[in-house]
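Model, not experiment: these values are computed from the prediction.
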Amino acid sequence: QVQLVESGGGLVQAGISLRLSCAVSGRTLSAYDMGWFRQRPGKEHMFVARIRWSDGSTYYADSVKDRFTISRDNAENTVYLQMNSLKSDDTAVYYCAAKIRSTSAYNYWGQGTQVTVSS
């Protein structure tokens, strides 16, 4: 079983940076992809970024590609989302998620952390 705990959200002004953290516990993490999603009120989860645990390869949604960076710390079993130049449109609950590399669906989800960006 994979367990995910997000942290690092908060209320910030537009233009500054935040780094979200996702502490990961589980077995054989090298077989997983880790993703970040976000959800605005009344809307469904939307993909933000993902990283392949085994080799560190990354992929981003176009809306965040030039501003956000996903990374991992192997020693701490932690996935990060570095968010720069935050905009009011980035306001959402951010979720960490995990899936087996060979599958398409993310089956494990964290509790979410709120990011609010004031303009």
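Taking the six-membered ring where tryptophan is involved, the planes of Trp109 and Tyr95 are perpendicular, since the angle between them exceeds 60° and thus also 30°.
Looking at every heavy atom in both residues, Ser17 comes nearest to Asn84 through OG-OD1, 2.8 Å. Considering all non-hydrogen atoms of both residues, Arg40 and Asp89 come closest at NH1-O, 3.1 Å. Nearest approach of Tyr60 to Phe47, heavy atoms of both residues: C-CE2, 4.0 Å. What you find for Ile16 and Gln13 is that their closest heavy atoms are CG1-O, 3.2 Å. Closest non-hydrogen pair, Val115 versus Gly9, comes out as CG2-CA, 4.1 Å. Closest heavy-atom contact between Trp53 and Leu29: CB-O, 3.2 Å.
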Kindly determine whether Thr78 and Asp73 satisfy side chain to side chain donor-acceptor pair (under 3.5 Å), including the steps that lead there. CA-CA 5 Å; Thr78 302; Asp73 186 325; over 6 Å; no
Please assess Met46 against Ser63 for the test side chain to side chain contact (heavy atoms under 4.5 Å, CB included), listing each intermediate value before the final yes or no. CA-CA 11 Å; Met46 297 188 65; Ser63 59; over 6 Å; no
Take Tyr94 and Arg38, measure what side chain to side chain donor-acceptor pair (under 3.5 Å) needs, and give me the verdict at the end. CA-CA 4 Å; Tyr94 284 73; Arg38 62 187 181 185; 2.9 Å; yes
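Arg52 contributes no side-chain N or O that, together with a main-chain N or O of Ser30, makes up a donor-acceptor pair within less than 3.5 Å.
Tyr59 and Phe37 fall within the same hydrophobic cluster, defined by Ile, Leu, Val, Met, Phe, Trp and Tyr side-chain heavy atoms under 4.5 Å apart, directly or through other members. Both Val2 and Trp36 are assigned to one and the same hydrophobic cluster, defined by single-linkage of ILVMFWY side chains at heavy-atom distances under 4.5 Å. Cluster membership for Leu4 and Val48, using ILVMFWY side-chain heavy atoms within less than 4.5 angstrom, is shared. Under the 4.5 Å side-chain heavy-atom criterion for ILVMFWY residues, a single connected hydrophobic cluster contains both Leu18 and Val79.
Between Tyr108 atom OH and Cys96 atom SG the span is 13.5 Å, to the nearest 0.5 Å. One distance of note links CD of Glu6 with CD of Gln114; it measures 12.0 Å at 0.5 Å rounding. Summarising the geometry, atom CG belonging to Leu81 is positioned 12.0 Å from atom CE belonging to Met34; distances are rounded to the nearest 0.5 Å.
Applying the side-chain hydrogen bond (donor to acceptor under 3.5 Å, both in side chains) rule to pairs touching residues 97-107 yields Asp33-Lys99, Ser54-Arg101, sequence neighbours excluded.
No side-chain heavy atom of Val12 sits less than 4.5 Å from a side-chain heavy atom of Thr116. Counting heavy atoms from C-beta outward, Leu20 and Met83 have side chains that approach closer than 4.5 Å. Using a 4.5 Å heavy-atom threshold, the side chains of Ser57 and Arg50 count as touching.
One finds a salt bridge joining Arg67 and Asp90 here, because a Lys/Arg side-chain nitrogen approaches an Asp/Glu carboxylate oxygen to under 4.0 Å.
A cation-pi arrangement is present between Arg19 and Tyr80, with the terminal nitrogen or guanidinium carbon under 6.0 Å from the aromatic centre and inside a 45° cone about the axis.
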